[in-house]
Amino acid sequence: MNADFLNDLNESQRNAVEYIDGPSLVIAGAGSGKTRVLTYKIAFLLEMGMKPWNILALTFTNKAAREMKERIALLVGPDRSQTLWMGTFHSLFNRMLRQESSLLHFTSNYTIYQPGDCKSLINGILKEMGLDNKVYKPGAVCGKISEAKNALILPDQYMADLETYQRDNRQKMPALGQIYKKYVARMHQANAMDFDDLLLYTYLLFEHYPEVRHKYASRFQYILVDEYQDTNYAQHEILRLLSEGNDHVCVVGDDAQSIYSFRGARIDNILKFTQQYQGAKLFKLEQNYRSTQTIVGAANSLIAFNKEQIKKDVYSKNEIGRPLVLNIAYSDVEEGEIVCNRIHALHAQKGLKYQNMAILYRTNAQSRIFEEGLRKRMIPYRIYGGRSFYDQKEIRDVLAYFRLVINPNDEEALKRIINYPTRGIGNTTMEKLIHAAVNSEVGIWEVLKDPLVFNVTLSAATHKKLESFYEMIIGFIEKREEEDAYQIGSRIIKESGIFQEAYKSHDIESQTMQDNLSELLNAMNTFVEIQKESGEEVHALLTDYLSEVSLLSDVDNQETENKDMVTLMTVHSAKGLEFEAVFIVGMEENLFPNSMAMYSQREMEEERRLFYVAITRAKNFCFLSCSKMRFHYGKMDFCEPSSFLKEIDKQYLRLEVEREEYRSELPHESLFNRNKLAVSQDLHTRGKLHAINSDSEVVTEGNTLDTVEVNGQILKSGLTVEHDRFGVGEILSLEGDPGNVKATIKFRNSGEKCLLLKYAKIKLI
DNA sequence: ACTAATAACATTTTT
DNA sequence: TGTTATTAGT
């Protein structure tokens, strides 16, 4: 055996790696080398003679799996690492379900419904049942169903439960059980599964078919689970069914980083692991190798406010490092300016690469302002989440064609495209078809095949249109096993008329549509190429492509090339990542912590853990910021600093005042006395802006200028100007270098502001 | 059946 | 603010 690599580990890591005789729980503090333990443990198992296909390793994202495989390959070679069963619960059990689908009365080419499809299906069911979709909000209904599925509660059981019924009744939604039941039936008829079904049906398969369970339980002799704190009840039960009897299970996680309870994650899974797995060994990794002592200290002081947690003492032996810095901006736009300026400064003055910096926010909607700020400065950035490529209209339309071709029972796909591009099949016709389908308890596709059989009354013209649509799809279906994904993909785009639709006009809209279409085809082409390279003479079929695409997450989608770009993402998607410098923005009450969490202790603790995750992403620099006001649905809202800020031990936090005039303008009293937010230095004893910030701030020398020319306008002190947001005001002074001029302007209604003329839209009047 | 115009509504986080 | 659902007009 060659396991010299174990010498790379510290003692507690090594202990966790070497224990393979029974169940174990590894509590891994932030930055303590969790991934290292997992990869080394798998390598160790392989060196001990275990076969790669006997190991099941479950990760939180596909990207995490990919990276872990690469690291294992370095330890034991690519051959063995390649054949490991490693991936997310969803993707691995999806693979398995496609093999075993007939037992569950699905075919192997079932569609995976996206949340949008689920909502639309719910909408249809509501209409059918004559329920008001203002009372039964489709999103909320989906949430309830998802919750039930994650707790492994089936419709009949749901309806039989009195407590559940009473709760639903109180929420004015007594029919939820009925809707759930119908939903399951319709999903089945459509040969479709949603995300939760991938877990639920896996559980049911193992529960009802002992021989299937045994097959997989004996194949997987050792099971490892990463990010165990974010698993839900269904995942917990799947794990139990697969490991019962041998208990060779190792789960790794950190209860302080549990941030997915809204998705059904049960923190109890990790808190009670040692009770559920008798004789389980507990290992704790407490040394943080990632961050400075200050960052670890700040994070510890924050998380101490949470009640329920496993006791641990995370520490760092790295440098003490610099304090966290808090900036308070006047507006959301200014917060963007401050952050982007500092990113620029860190890059220009400290030589920090853009790829080592990240802006983390609570909600996707916050990204736009930072995007604009970075664009103006020509700073390259990459944004994750929000509306991704696959969420765009034309892409979803094309994917709907693909889905229908793979699975003609996919009704959401059918409804989406039967009249796109427009071919004269309108609402009335669709209503008729749906009505006939529901009445005869068959799918719409069946009705479409021969409407007359189902007594649908149609004009001859409409009949003709339906027929030619049907024939077109049949034509594609005939080719789907014959051509590879790229070939049939381009065929569908052309023959369906989508291509024509995109090229019929020359405005910007159709330009982006054209770009998106060719990008999609490109992606399909590379998919086919990669499949070909991996050896098999098997075609990369459209069905393979679809299956892959439906389970991709935004983080998975990231290009592997290391481009030098600033990362923008939600705190949630930053889990597991690390950066030299992290900017945590929007630190305001009702935003972070989010207003939805305000009235529940449990959710507040989750928000706090989320903030903990955000802070611990930083290796060296952590910048916090908030704004006094912010645009919200087109209205300006006033904000207060987050209550979490005052939970950070004051010795680790420094308040930085961006602009001199804020000294008088900011309600320091209310901020720092009434809220008892600690400030490490006395604001009033500090010098001018550039003196305070000289170590990490853009240093703007205060050369006073008399006149400046900007965009052909000659500006000087005393002149009156107009600004988009702030209104009319008088220039008080101008300073800076030509081309980078700051103007102090006293606005009539918005007070005194200091603006960079390079960016501010100012009109002389 | 399609288009344009207006009203309503929404943002928490994601496999 | 930006998107989506509904409505009225062609």
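We name chains A, B, ... by the order of the sequence lines, and we start the count at 1 in each one.
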Rounding to an integer number of angstrom, what distance separates dT13(B) and dT4(C) when you compare their P atoms?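 The same atom, P, in both gives a distance of 15 Å.
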
Give me the distance, rounded to whole Å, that separates dT11(B) from dT6(C) when you measure between the C1' atoms they each carry.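 Their C1' atoms lie roughly 22 Å apart.
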
Rounded interatomic separation in angstrom, taking [atom1] from [X] and [atom2] from [N]:
X: Tyr420(A); N: dT3(B); atom1: OH; atom2: P; value: 12 Å
X: Lys465(A); N: dA1(B); atom1: NZ; atom2: C1'; value: 8 Å
X: Leu458(A); N: dA1(B); atom1: CG; atom2: P; value: 10 Å
X: Tyr260(A); N: dT15(B); atom1: OH; atom2: C1'; value: 8 Å
X: Leu551(A); N: dT14(B); atom1: CG; atom2: C1'; value: 12 Å
X: Tyr384(A); N: dT15(B); atom1: OH; atom2: P; value: 13 Å
X: Asn427(A); N: dT6(C); atom1: CG; atom2: C1'; value: 12 Å
X: Leu360(A); N: dT13(B); atom1: CG; atom2: C1'; value: 13 Å

Please determine if a side-chain N or O atom of [X] lies less than 4.0 Å away from the OP1 or OP2 oxygen of [N].
X: Ser595(A); N: dT12(B); value: no
X: Arg368(A); N: dG2(C); value: yes
X: Asn364(A); N: dT13(B); value: yes
X: Ser573(A); N: dT14(B); value: yes
X: Thr429(A); N: dA1(B); value: yes

May I ask you to decide if the ring planes of Tyr201(A) and Phe106(A) are parallel, tilted or perpendicular, using 30° and 60° as cut-offs?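 Perpendicular: the ring planes of Tyr201(A) and Phe106(A) meet at over 60°.
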
Classify the ring geometry between Phe611(A) and Phe644(A) as parallel (under 30°), tilted (30 to 60°) or perpendicular (over 60°). parallel

Checking all strands, does [X] fall into the base, sugar-phosphate, or nothing category for heavy-atom contacts under 4.0 angstrom?
X: Phe89(A); value: nothing
X: Arg609(A); value: nothing
X: Thr428(A); value: sugar-phosphate

For [Y], does its backbone N or O pair with a side-chain atom of [X] as donor and acceptor, under 3.5 Å?
X: Arg617(A); Y: Val613(A); result: yes
X: Asn94(A); Y: His90(A); result: no
X: Asn419(A); Y: Gly424(A); result: yes

Between dT12(B), dT15(B), dT14(B), which nucleotide has the shortest distance from any of its atoms to the side chain of Arg362(A)?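 So the side chain of Arg362(A) is nearest to dT12(B).
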
Grab the N/O contacts between the protein and nucleotides 8-11 of chain B below 3.5 Å, and write none if there aren't any.
none

Going by an N to O cut-off under 4.0 Å, is there a salt bridge joining Asp397(A) and Arg416(A)? yes

Using heavy-atom distances to pick each residue's nearest nucleotide on DNA chain B, tell me which of His572(A) and Gly424(A) is more 5'.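 Comparing both residues, the 5'-ward one is Gly424(A).
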
Residue mapping more 5' on DNA chain B - nearest nucleotide basis, Asn419(A) or Glu606(A):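 Nearest-nucleotide comparison on DNA chain B picks Asn419(A).
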
Could you check whether Thr363(A) and Gln366(A), counting side-chain N and O atoms only, form a donor-acceptor pair closer than 3.5 Å? yes

Under the criterion side chain to side chain donor-acceptor pair (under 3.5 Å), which of Glu588(A), Glu607(A), Arg608(A), Glu589(A) is the partner of Ser643(A)? Glu589(A)

